[in-house]
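Just below is one structure, and these are the notes that go with it.
No experiment lies behind these values; they were computed from the predicted model shown.
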Amino acid sequence: MEQAVKYIQEQIKDFKPQIGIILGSGLGDFADEHCSMVIPYKDIPGFENSNVKGHKGQLVFAEINGKNVVMMQGRYHFYEGHSMKTVTYPVKVMRKLGVETLIITNAAGAVDGSFIPGELMFITDHINFMGTNPLIGLNDDSLGTRFPDMSEVYSKDLIDMAEDTAEALSVEYQKGVYVATTGPSYESPAEIRMFRMLGADAVGMSTVPEAIVAKWAGMNVLGISCLTNYAAGISDSPLNHQEVIETANRVKENFKKLLAELIKKI
Ligand code: HPA
């Protein structure tokens, strides 16, 4: 980790990122528009090569609306076979670089049938249904404690700020609970009914590991889901990745506007 931080600092010199953003499926564009420096993951000590279609796999640094931002253009997914350590390592590195606020974005399926694909959902809480925890193993006391509190993973203040911003921009949004599964298969209708009973509003295959680690490491976290489809069984149509990408593409202009405004306010 020290090597990774040192390597990145050598590249970015006196640029000190305050805000980190993990850009989810179909939302990576934001980094292209605000980009002053790029470091491919493959060049950073400890980062694995990432190889999902539509994910570039690089850190992008930029000053946006007066704030220093580091963006992950592409993230590591557990379903790719990466360990939880690999999935969450970039969050730890961002923290060591000085990032205090982390915005985590994703594409998710709507478990609440009143939600409409194309809407954004601000994550109020999560259910970790991945069957493991990214903090298992030796605790790194330099980042956080052994048994970290998770009663407010997603900062209420940031959610308020996100709501105000969305309203000002007339962007449709919801708030709700995100349940994380490992994937890569989508859920069965019976699983979605179960998740609904358990209190979930949206389902996806990411975000929760990164959010747990960010909270543990003392960061303020905002989670934004782009609801790309109805979860299995909520509507009659079968699920496919193409639909996820198409909806994310349709929403991304609003999403980018919202992010830029939020950055200004944070
Ligand atoms: N399920 C899981 N992950 C997802 C979905 C879904 O319906 N949509 C986008 N990511």
State plainly whether one hydrophobic cluster holds both [X] and [Y], where clusters connect Ile, Leu, Val, Met, Phe, Trp and Tyr through side-chain heavy atoms under 4.5 angstrom apart.
{"X": "I224", "Y": "V70", "answer": "yes"}
{"X": "I266", "Y": "F15", "answer": "yes"}
{"X": "V153", "Y": "V203", "answer": "no"}
{"X": "Y178", "Y": "L198", "answer": "no"}
{"X": "F115", "Y": "I234", "answer": "no"}

Between T124 and K156, do the side chains contain a donor N or O and an acceptor N or O under 3.5 Å apart? no
Show the nearest heavy-atom pair for residues [X] and [Y], with the distance to one decimal.
{"X": "V208", "Y": "N128", "value": "CG1-CB, 3.8 Å"}
{"X": "A62", "Y": "M71", "value": "CB-CE, 4.0 Å"}
{"X": "M37", "Y": "I12", "value": "SD-CA, 3.7 Å"}
{"X": "R75", "Y": "G24", "value": "NH1-CA, 3.7 Å"}
{"X": "L239", "Y": "A231", "value": "CD1-C, 4.3 Å"}
{"X": "M205", "Y": "M130", "value": "O-CE, 3.6 Å"}

[Y] backbone acceptor or donor facing [X] side chain under 3.5 Å:
{"X": "K67", "Y": "K264", "result": "yes"}
{"X": "K16", "Y": "L97", "result": "no"}
{"X": "T247", "Y": "T228", "result": "yes"}
{"X": "W216", "Y": "L143", "result": "no"}
{"X": "S36", "Y": "F61", "result": "yes"}
{"X": "N68", "Y": "Q18", "result": "no"}
{"X": "E261", "Y": "L258", "result": "no"}

Verdict with supporting geometry, E48 and K42, side-chain contact (heavy atoms from CB on, under 4.5 Å): CA-CA 6 Å; E48 304 262 328; K42 64 176 170 43; over 6 Å; no
Quick one, I22 with L102, criterion side-chain contact (heavy atoms from CB on, under 4.5 Å). Give me CA distance, side-chain angles, the key distance, then yes/no. CA-CA 8 Å; I22 303 177; L102 184 66; 4.2 Å; yes
Is any side-chain heavy atom of [Y] closer than 4.5 Å to one of [X]?
{"X": "Y89", "Y": "M1", "value": "yes"}
{"X": "T182", "Y": "Y79", "value": "no"}
{"X": "L259", "Y": "L23", "value": "yes"}
{"X": "N106", "Y": "C226", "value": "no"}
{"X": "L59", "Y": "M72", "value": "yes"}
{"X": "D201", "Y": "M121", "value": "yes"}
{"X": "L262", "Y": "M161", "value": "yes"}

[X] and [Y] ion-paired at < 4.0 Å:
{"X": "D140", "Y": "K92", "value": "no"}
{"X": "E10", "Y": "K6", "value": "yes"}
{"X": "D141", "Y": "R146", "value": "no"}

Evaluate the criterion side-chain contact (heavy atoms from CB on, under 4.5 Å) for residue pair F255 and T105; output intermediate values, then yes/no. CA-CA 10 Å; F255 176 81; T105 71; 3.4 Å; yes
Hey, mind stepping through Q73 and D32 against side chain to side chain donor-acceptor pair (under 3.5 Å) and telling me if it holds? CA-CA 9 Å; Q73 204 173 25; D32 293 329; 3.0 Å; yes
Straight-line distance of [X] [atom1] to [Y] [atom2], nearest 0.5 Å:
{"X": "H82", "Y": "T88", "atom1": "NE2", "atom2": "OG1", "result": "12.0 Å"}
{"X": "N249", "Y": "E246", "atom1": "CG", "atom2": "CD", "result": "8.0 Å"}
{"X": "I44", "Y": "Q58", "atom1": "CD1", "atom2": "CD", "result": "10.0 Å"}
{"X": "H77", "Y": "T86", "atom1": "NE2", "atom2": "OG1", "result": "13.5 Å"}
{"X": "S155", "Y": "I103", "atom1": "OG", "atom2": "CD1", "result": "11.0 Å"}
{"X": "R95", "Y": "E100", "atom1": "CZ", "atom2": "CD", "result": "6.0 Å"}

Can you list the residues that meet the salt bridge (charged side-chain N to carboxylate O under 4.0 Å, His left out) rule with D43, with sequence neighbours excluded? none
Return the set of residues passing salt bridge (charged side-chain N to carboxylate O under 4.0 Å, His left out) with E2 (not counting sequence neighbours), or none when no residue passes. none
Name the orientation class of the two ring planes belonging to H126 and Y154 (parallel below 30°, tilted from 30 to 60°, perpendicular beyond 60°). perpendicular
In terms of the angle between their ring planes, are F30 and H34 parallel, tilted or perpendicular, with boundaries placed at 30° and 60°? tilted
Summary of side chain to side chain donor-acceptor pair (under 3.5 Å) pairs that have at least one residue in residues 160-176, sequence neighbours excluded: E119-Q174, E163-Y173, E163-K175, T165-K265, E167-Y173
Before you tell me yes or no, could you show the steps for N254 and L169 under side-chain contact (heavy atoms from CB on, under 4.5 Å), namely the whole-Å CA-CA distance, both residues' side-chain angles and the distance that decides it to 0.1 Å? CA-CA 8 Å; N254 271 347; L169 294 171; over 6 Å; no
